[in-house]
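Below: the structure, in C-alpha cells.
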Amino acid sequence: MTTNENNFQAIISHAKEYGFVFQSSEIYDGLSAVYDYGPYGSELKKNIKDYWWRSMTQFHENIVGIDAAIFMHPTTWKASGHVDNFSDPMIDNKDSNKRYRVDHLIEGYAEELTAQGKEKESEELITEMDRLLAAEDFTALKKLLEQHKISCAVSGTCNWTDIRQFNLMFSTQVGSVTEESDTIYLRPETAQGIFVNFLNVQKTARMKIPFGIAQIGKAFRNEIVARQFIFRMREFEQMEMQFFIRPGTQAQWFEYWKKTRLDWHLSLGIPADKYRYHNHVKLAHYADAALDIEYEFPFGFKEVEGIHSRTDFDLKSHQAYSGKKMQYFDNEINQNYIPYVIETSIGLDRMFLLIMSHAYEEETITKEDGSTDSRSVLHFPALLAPVKLAVLPLTKKDGLPEIARDLMNDCKTAFRCFYEEKDAIGKRYRRQDAIGTPFCVTIDHQTKEDQTVTIRYRDSMKQERVPLDKVKQLVQQAVA
RNA sequence: GCGGCAAUAGUUCAGUUGGUAGAACAUUAGCUUCCCAAGCUAAGGGUCAAGGGUUCGAAUCCCUUUUGCCGCUCCA
C-alpha cells in the first residue's frame, strides 16, 4: 500500500474511533454505502453547512434559500430527464463478464445489417426493439438478441444473463393517490425542488434577475458501485445553488461562479495546489458547459463540486410538462424569457471528507530532551471545528474547577465548549487534538492571584498567558 | 456487476499441526496535583462478521451470505 492509502485507512479508523463517522446499522453487519455521523461528525457537518449557507445567502443579497421536500410529483422526474436517462436495461455476457446496454447492442447490430445492404431487416429490428423497450418486455428482448445471434465483442459468445433494469432512482409508494402515480421517487438531486419553486420564490421574495436560490438537502441514488468510504454513498447531502440569468449571459456567469466557488474553498485555508478544475468534454443532456472542482483526496483527484451551465433546459421542460409559464419579465430590456441557469452543486459529505483528509495528521514531535513523541491531530479551520474551546482546571482541588465552570458557563452560550478535569494536563491536550479543538484553556493556581489563564494552541502547541476575561472574546474572534 | 485482498475488543494487531481468546493503545473508577500522552491500582469490553458443513472438538478446514478496501466497469 502507498502512503496515501495508508493515510486513508488511518482517517477512516480515526473517524470511527473519535465519533465522527459510523457505518449505518453496524450491529447488523452494516448497510452497504450508507453511513451515520457521530457526535463530533454531526457538529463538523453542521458547521460546514452553516459556513456554506452563510457564504451563499447572507453574503449575496440576491440569493435566497429554500428547503424543498424529498418527495416530489412523479412528473418532475420525467421533465428533468431522469426517468429516461437514469434507467437503462443492461445485460452481462457470462463469458467475458462485460456489461452492455441492451439498446446499444441491438442498435450496433442494426447498423451492421444496414452496412450489408439489409436495410429493411435493420429497420424492422429497431422498430421491434423500440416496441419491446416501451413495453418493458425484457424476456422478449432477450429472445430478440438470441434470434439474431447478437454476440459479445469480447468473448464472441451469446451466453447472456437475463436483462435487468438499472434504475438509479429509489422508489417508494404513496397511498391515497391514483393508481398510476402511487409510485414516487426519492429525489436523485435537489435541483428540481428549486426549479419547480422558481416562480414562487421569484414572486414572494420579489427577486430580480440575476438571482439565485440555494438549498441544502438529502438526495438518493441507487449506485451500482458505491465505495471509498463516504465519498460515494447511496444517501447523501447536497448544497446547491441555482443562479437564474438572462439568456446569453451564461458564459460570463459561469466564469464568475467558477472563480467564486473556488475562492470559497480557498477561504478555508486549504492550499490551492490541492485543487484543480476539470472541464467536461462530454456534456449532460441539460448542459452547455460544465466543470468540476476537484480536490486531491488520499485516493487521487476527485470531484467535490460541480459548476454547470444548465441553459433553460429545466424550466423549459417543466413549462412543457406542467403547462405553467416559467418565464420572467425583464424590465430592463422589456422582454419575457425563460431564464438560463448556472448551477453550483457541492457534495456535503465529500466536503466533510475533504476537510477530514486535509486536517488529519499523525505528527511526530521532538521534545526538549531530544526524544520523539507523536500525536494524532485534526487541523480543522477553527470555524469548522466541532469543539472550539476546552476548559481544563489544572487540578480538581483548590477551587480551580469552580473558576473553570464559571468560564465554561460564560462561553458555552457563544460557542461549543468542552470541560474536563480528569487525567494529566498533557493527556487532555492530546485528546482535544484528536477531535480538532483549536483552543485549550488551563486554569491554574496563578489564575486565583492574577486572573490570567494559559491558552494553548492546537497547531503550534504554543502556550501563552491571557487574562481570564479575554478568553471568550479571543476564541469568538478566531471562530467567526 | 466482475476480479483481487480482507474481516478477531473502541483502534492497531497476535493467535502454533484444529483443543473453549491475547497484547498494546484507548475507555471507566480510584490514586497521583503534575503545564504537553504512554506513573500506580483496579475494572469493563469479543457468539472471533453471519449462517451452514466436516470433526469427539473450529477463530483456525470447506461452502454460502454480508461488509470493507483496491483494480476494471459505471457516474444522467
Side-chain angles (χ1 to χ4, degrees), chain A residues 1-2 5-6 8-10 12-19 22-35 38 77 80-88 90-101 154 161 164 166-169 188-189 191 221-229 231-232 280 282-287 290 292 298-300 302-303 306 308 313 365 367-368 371 373-377 392-398 400 421-434 440-446 453-458 460-465:
Chain A
M1 279 206 294
T2 68
E5 279 165 5
N6 272 325
F8 187 43
Q9 293 303 325
I12 295 170
S13 298
H14 193 90
K16 165 86 188 293
E17 190 169 2
Y18 290 93
F22 309 125
Q23 191 173 17
S24 167
S25 321
E26 198 188 49
I27 61 166
Y28 294 110
D29 294 332
L31 184 62
S32 183
V34 185
Y35 291 88
W77 307 113
S80 69
H82 284 84
V83 171
D84 290 332
N85 293 304
F86 232 34
S87 64
D88 300 310
M90 307 287 276
I91 196 164
D92 295 328
N93 184 272
K94 288 179 187 170
D95 297 309
S96 65
N97 288 322
K98 288 288 165 194
R99 170 171 298 164
Y100 299 92
R101 273 178 63 170
V154 176
T161 62
R164 280 166 298 182
F166 283 82
N167 193 330
L168 285 139
M169 284 194 288
E189 65 173 23
R221 287 181 201 180
N222 199 1
E223 300 280 358
I224 298 166
V225 178
R227 257 200 307 236
Q228 288 165 321
F229 195 41
F231 185 80
R232 179 165 297 168
H280 287 208
K282 255 176 67 183
L283 294 171
H285 61 273
Y286 54 73
D292 296 337
F299 42 87
K302 298 279 181 186
E303 175 187 359
H308 298 141
F313 176 89
I365 304 154
K367 290 199 268 196
E368 281 174 16
S371 64
D373 188 7
S374 74
R375 63 167 184 159
S376 290
V377 54
L392 314 169
L394 188 61
T395 76
K396 290 178 201 167
K397 295 188 268 189
D398 307 327
L400 301 186
E421 57 189 42
K422 185 185 155 49
D423 289 325
I425 191 69
K427 193 163 190 165
R428 281 180 273 169
Y429 286 155
R430 297 305 171 86
R431 275 202 277 255
Q432 294 305 312
D433 290 340
C440 293
V441 155
T442 302
I443 285 84
D444 60 16
H445 295 93
Q446 197 186 324
V453 295
T454 305
I455 188 160
R456 180 265 193 186
Y457 303 102
R458 176 195 64 202
S460 64
M461 297 173 73
K462 294 253 164 58
Q463 325 187 76
E464 56 188 353
R465 286 206 81 86

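Heavy-atom basis, side chains included; hydrogens, waters and symmetry copies ignored. Chain letters run A, B, ... following the sequence lines, proteins first, then strands; residues in each count from 1.
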Runs of at least three consecutive Watson-Crick or G-U pairs, both distances under 3.5 Å, are what I'm after; which ones involve RNA chain B?
B:1-7 with B:66-72, B:10-13 with B:22-25, B:27-31 with B:39-43, B:49-53 with B:61-65

How many Å lie between NZ on A/Lys422 and P on B/rU28, as a whole number?
6 Å

As a test of reading the structure: which of B/rG68, B/rU28, B/rC69 is closest to the side chain of A/Ser32, going by heavy atoms?
B/rG68

Side-chain donor/acceptor contact of A/Arg428 with base of B/rC36 under 3.5 Å:
no

Roughly, in whole Å, what's the span from CZ in A/Arg430 to P in B/rC25?
15 Å

Using the test ring-ring contact (aromatic ring centres under 6.0 Å, His included), find all partners of A/Phe231 that sit at least two apart in sequence or belong to another chain.
A/Phe297, A/Phe299

If you measure from the P atom in B/rA23 to the same atom in B/rA43, how many Å do you get, rounded?
12 Å

When the P atoms of B/rC36 and B/rC72 are compared, how many Å lie between them, rounded to an integer?
49 Å

Give me the distance, rounded to whole Å, that separates B/rA76 from B/rC2 when you measure between the C1' atoms they each carry.
23 Å

Distance in Å, A/Arg456 CZ paired with A/Thr442 OG1, rounded so as to fall on 0.5 Å steps
9.0 Å

A/Arg375 near the nucleic acid: base, sugar-phosphate alone, or nothing, with a heavy-atom cut-off under 4.0 Å?
nothing

Can you tell me how far P of B/rU64 sits from CG of A/Asp29, to the nearest Å?
18 Å

Taking the C1' atom of each, how far is B/rU60 from B/rG45, in whole Å?
24 Å

Of the nucleotides B/rC70, B/rC69, B/rA76, which has the atom closest to the A/His82 side chain?
B/rA76

Are the side chains of A/Tyr457 and A/Gln463 in contact, using a 4.5 Å heavy-atom criterion?
no

note: A/Phe231, atom CZ; B/rC69, atom C1'; distance rounded to Å ~ 15 Å

Partners of A/Arg375 by salt bridge (Lys or Arg N to Asp or Glu O under 4.0 Å), sequence neighbours excluded?
A/Glu363, A/Asp433

To the nearest 0.5 Å, atom CD of A/Glu464 lies from atom CD1 of A/Ile455 at 7.0 Å

Contact class for A/Gln23 vs. all strands (heavy atom < 4.0 Å): base, sugar-phosphate, or nothing?
sugar-phosphate

Classify A/Ile425 by what it touches in the nucleic acid, base, sugar-phosphate, or nothing, heavy-atom distance under 4.0 Å.
sugar-phosphate

5'-most contact on RNA chain B: A/Lys396 or A/Tyr35, nearest heavy atom basis?
A/Lys396

Between the side chain of A/His14 and the main-chain N/O of A/Ala434, is any donor-acceptor distance below 3.5 Å?
yes

Table of protein N/O atoms under 3.5 Å from nucleotides 38-41 of chain B N/O atoms:
none

Sorted by position of nearest nucleotide on RNA chain B, 5' first, the leading residue of A/Arg456 and A/Val34 is A/Arg456

Atom CZ of A/Arg227 and atom C1' of B/rG71: how far apart are they, to the nearest Å?
8 Å

Contact class for A/Ala33 vs. all strands (heavy atom < 4.0 Å): base, sugar-phosphate, or nothing?
sugar-phosphate

Rounding to a whole Å, what distance do you find between A/Leu168:CG and B/rG1:C1'?
13 Å

Rounded to whole Å, the CZ-C1' distance (A/Arg431 to B/rA37) equals 9 Å

I'd like to know whether A/His445 forms a side-chain contact (heavy atoms from CB on, under 4.5 Å) with A/Thr395, so could you lay out the CA-CA distance, the side-chain angles of the two residues, the decisive distance to 0.1 Å, and finally the verdict.
CA-CA 9 Å; A/His445 295 93; A/Thr395 76; 4.3 Å; yes

What pairs of nitrogen or oxygen atoms, one from the protein and one from nucleotides 12-15 of chain B, lie under 3.5 Å apart?
{"from": "B/rU12", "atom 1": "OP1", "to": "A/Ser13", "atom 2": "OG", "distance (Å)": "2.6"}

Closest heavy-atom pair and its distance - A/Phe8, A/Pro298
CB-CB, 3.7 Å

Taking atom P in both B/rA58 and B/rC75, compute the distance separating them and give it to the nearest angstrom.
48 Å

Rounding to an integer number of angstrom, what distance separates B/rG30 and B/rU47 when you compare their C1' atoms?
33 Å

Calculate, to the nearest 0.5 Å, the distance between atoms CD1 and CG belonging to A/Ile443 and A/Leu392 respectively.
7.5 Å

Heavy atoms under 4.0 Å, any strand shown: does A/Glu223 hit a base, just sugar-phosphate, or nothing?
nothing

Quick check for you: to the nearest 0.5 Å, what is the distance between A/Ile12 atom CD1 and A/Gln23 atom CD?
10.5 Å

Rounded to the nearest 0.5 Å, what's the gap from CZ on A/Arg430 to OG on A/Ser374? Could you check?
7.5 Å

Rounded distance in Å between the P positions of B/rU67 and B/rA26
34 Å

Distance check, rounded to the nearest 0.5 Å: A/Met461 atom CE versus A/Tyr429 atom OH?
10.0 Å

Distance-only donor-acceptor test, A/Arg221 side-chain atoms vs B/rC75 base atoms, 3.5 Å:
no

C1' gap between B/rG19 and B/rG15, integer Å
14 Å

Between the protein and nucleotides 6-10 of chain B, list every N/O to N/O distance that falls short of 3.5 Å.
{"from": "B/rG10", "atom 1": "O3'", "to": "A/Lys16", "atom 2": "NZ", "distance (Å)": "3.3"}
{"from": "B/rG10", "atom 1": "N2", "to": "A/Glu17", "atom 2": "OE2", "distance (Å)": "3.3"}

Rounded to the Å, how far apart are A/Arg232 CZ and B/rU67 P?
17 Å

Side chain proximity check, A/Arg221 to A/Arg232, heavy atoms < 4.5 angstrom:
no

Report yes or no: does A/Arg428 contribute a side-chain atom to a donor-acceptor pair with the main-chain N or O of A/Pro393 at less than 3.5 Å?
yes

